[in-house]
Amino acid sequence: MGYIGSHTAVLLVQAGHQVHIYDNLCNSNASTLERIQRITSRDIGFTEGDVRNTEKLADVLRNEKIDAVIHLAGLKAVGESSQKPIEYYANNVQGSISLIQAMQSAGLSTLVFSSSATVYGDPVYLPYDEDHPTKPTNPYGRNKLQVEEMLRDLSVSDQAWRIACLRYFNPVGAHESGLIGEDPNGIPNNLMPVIGQVVSGKLAALNIFGDDYDTPDGTGKRDYIHVMDLAEGHLAALTWLEANPGCHIFNLGSGDSFSVLDLLRHFEEASGQSIPYQAVGRRPGDLPEYYAKADKAAKLLGWKTKQSLSDICESAWLWIKHSQNN
Ligand code: UD1
C-alpha cells in the first residue's frame with residue numbers, strides 16, 4: 001500500500017480485477033486502504049504481514065484465490081541502503097525468495113516485479129535500453145538486479161513461470177482525486193516530495209544538488225513518469241503475461257528527460273506558488289542525466305506514457321494541498 005502499490009491497486013480494481021493487498025505497513029499507512037476504497041467504491045482485501053513470513057503469505061495466496069502477484073514489497077531509499085545493507089538484502093532479496101516459495105506452495109506462477117532503472121548504473125550510452133549493461137552502484141540497485149537474475153533462473157528451471165521485471169524510471173505525481181500520493185516517512189530524498197515540503201512550509205527552500213552538470217541549464221535531467229502511467233504499465237504487463245511465459249524485462253519510462261529546473265518551473269505554474277531554491281553541491285552518486293528507451297514496452301505491451309510534466313505537477317499539487325488539509 002505504498003506509493004506505487006496504492007495507485008496500481010486503484011487502476012486494477014477499476015479495470016475489473018479483484019485486489020488483495022499484503023503489506024507490513026513499515027513504510028505506508030493503513031489509512032491509504034480506506035482512501036483506495038473511497039476512490040473505487042469497492043471493498044479491498046488487506047492482510048498485514050511481512051513478505052518474509054512465507055507461511056502467512058502462502059495462506060493468503062491460497063485463501064484469497066489469488067492468480068497473479070505484483071511484488072512491490074521493497075525498501076527503496078538509495079542512501080539508506082548503503083547505511084543498512086543487511087536490512088536491504090534481508091527485506092528485498094530474502095523477501096523475494098520468500099514470496100517465490102509462497103507462490104510455489106500455493107501453485108502460482110505469474111509475477112510482476114517492481115525493478116528500477118538503477119540497475120543500469122553509469123550510462124555507457126543513452127537512452128538506456130533493456131540490453132544496456134547492468135552495473136548498479138549501491139546496495140538497493142544490487143538487490144533489484146539480484147532478484148531479476150534469480151527470477152530469470154527460476155523461469156529457465158520451470159517453464160510454467162510468467163514473469164515481468166519492470167524497470168521504473170522516476171515515478172512522480174498522484175491520483176487525480178488528490179486522495180493518494182507519495183507520502184514518505186521521515187525526511188524525503190526524492191525531488192517531488194522535497195518540493196512538496198517546501199511548498200507546505202516544512203522546508204525553507206529546495207536545495208538543488210548541482211547546477212554545473214553538462215546539461216542545458218546545469219541541473220540533473222531525469223525521465224519523470226506519472227505514477228498512473230506506471231500503474232497502467234503493470235496492468236499491461238499482467239495482461240501480456242497471460243499469453244507469454246518466461247521472464248521478460250521492460251523499461252517503464254517516457255523516453256524523455258527534464259531538468260530539476262524544468263520540473264520546478266512546471267510545478268510553479270501548476271500550483272501558482274513560487275518555490276525558493278538554492279544550488280548546493282552535487283549529491284554523491286547522482287548522474288547528470290538518464291532516460292529510457294521505452295520502445296519494447298510500446299511494441300510488446302502496447303503501453304506508453306500519456307501524461308505530461310504539467311499533468312504530473314498538477315496532480316502532485318492536488319495531493320499536496322489535500323494532505324495539508326487532512
Ligand atoms: C532515485 C534513485 C532511484 C529511484 C528514484 C525514485 C538514486 C541514485 N536513484 O533517483 O533508484 O528509483 O530515486 O524516484 O538515488 N534533486 C535535487 N534536490 C533534492 C532532491 C533531488 O536537486 O532535494 C535532484 C537530483 O540531484 C536529481 C533529480 O533531482 O537530479 C531527481 O532526484 P531524485 O528524485 O532523488 O531521483 P533520482 O536520484 O534520479
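One-based numbering, in listed order, for ligands and for the atoms of each.
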Please say which of Glu148, Arg167, Lys144 ends up in a side chain to side chain donor-acceptor pair (under 3.5 Å) with Ser115. Glu148
Under a 3.5 Å distance rule, please check whether Asp223 uses its side chain to pair with a backbone N or O of Ser254 as donor and acceptor. yes
Which of the atoms in ligand 1, numbered in the order shown and given with their element, are less than 4.0 Å from a heavy-atom of [X]?
X	answer
Val78	2 (C), 7 (C), 9 (N), 11 (O), 15 (O)
Ser116	11 (O), 12 (O)
Asn189	20 (C), 35 (O)
Ile208	22 (O)
Arg283	25 (C), 32 (O), 33 (P), 35 (O), 38 (O)
Pro171	14 (O)
Asp286	25 (C), 26 (O), 38 (O)
Thr118	3 (C), 11 (O)

Which is it for [X] and ligand 1 at heavy atoms under 4.0 Å: side chain, backbone, both or neither?
X	value
Tyr277	neither
Tyr140	side chain
Leu287	neither
Val260	side chain
Asn207	backbone

Residue set satisfying ring-ring contact (aromatic ring centres under 6.0 Å, His included) with Tyr88, at least two apart, ordered chain then number -> none
Can you tell me the protein heavy atom closest to [atom] and the distance?
atom	result
atom 37 (P) of ligand 1	Asn170 ND2, 3.5 Å
atom 28 (C) of ligand 1	Tyr224 OH, 3.6 Å
atom 1 (C) of ligand 1	Asn190 ND2, 3.6 Å

Heavy-atom proximity to atom 27 (C) of ligand 1, best of Lys221, Arg282, Met192, Arg222: Arg222
Options Leu191, Val119, Val194, ranked by nearest heavy atom to atom 34 (O) of ligand 1, top entry: Leu191
Any idea how His266 and Phe258 line up, ring-wise: parallel (<30°), tilted (30 to 60°), or perpendicular (>60°)? perpendicular
Go through the steps to decide whether Lys76 and Glu182 satisfy the test salt bridge (Lys or Arg N to Asp or Glu O under 4.0 Å), and finish with yes or no. CA-CA 13 Å; Lys76 59 144 263 184; Glu182 186 168 15; 3.8 Å; yes
I want to know whether [X] and [Y] have ring centres closer than 6.0 Å.
X	Y	value
His132	Tyr125	yes
Trp319	His175	no
Tyr224	Phe169	no

Contact summary for [X] and [Y], nearest pair of heavy atoms:
X	Y	value
Leu72	Gly5	CD1-CA, 3.7 Å
Ser81	Val78	OG-O, 2.7 Å
Gly173	Val227	O-CG1, 3.5 Å

Can an N or O of [X] be found at a distance shorter than 3.5 Å from an N or O of ligand 1?
X	result
Tyr290	yes
Asn138	no
Phe209	yes

Would you compute the distance between atom OG of Ser155 and atom NE2 of His248 and round it to the nearest 0.5 angstrom? 7.5 Å
As an exercise, state the distance from CG of Leu126 to OG of Ser257, rounded to the nearest 0.5 Å. 8.5 Å
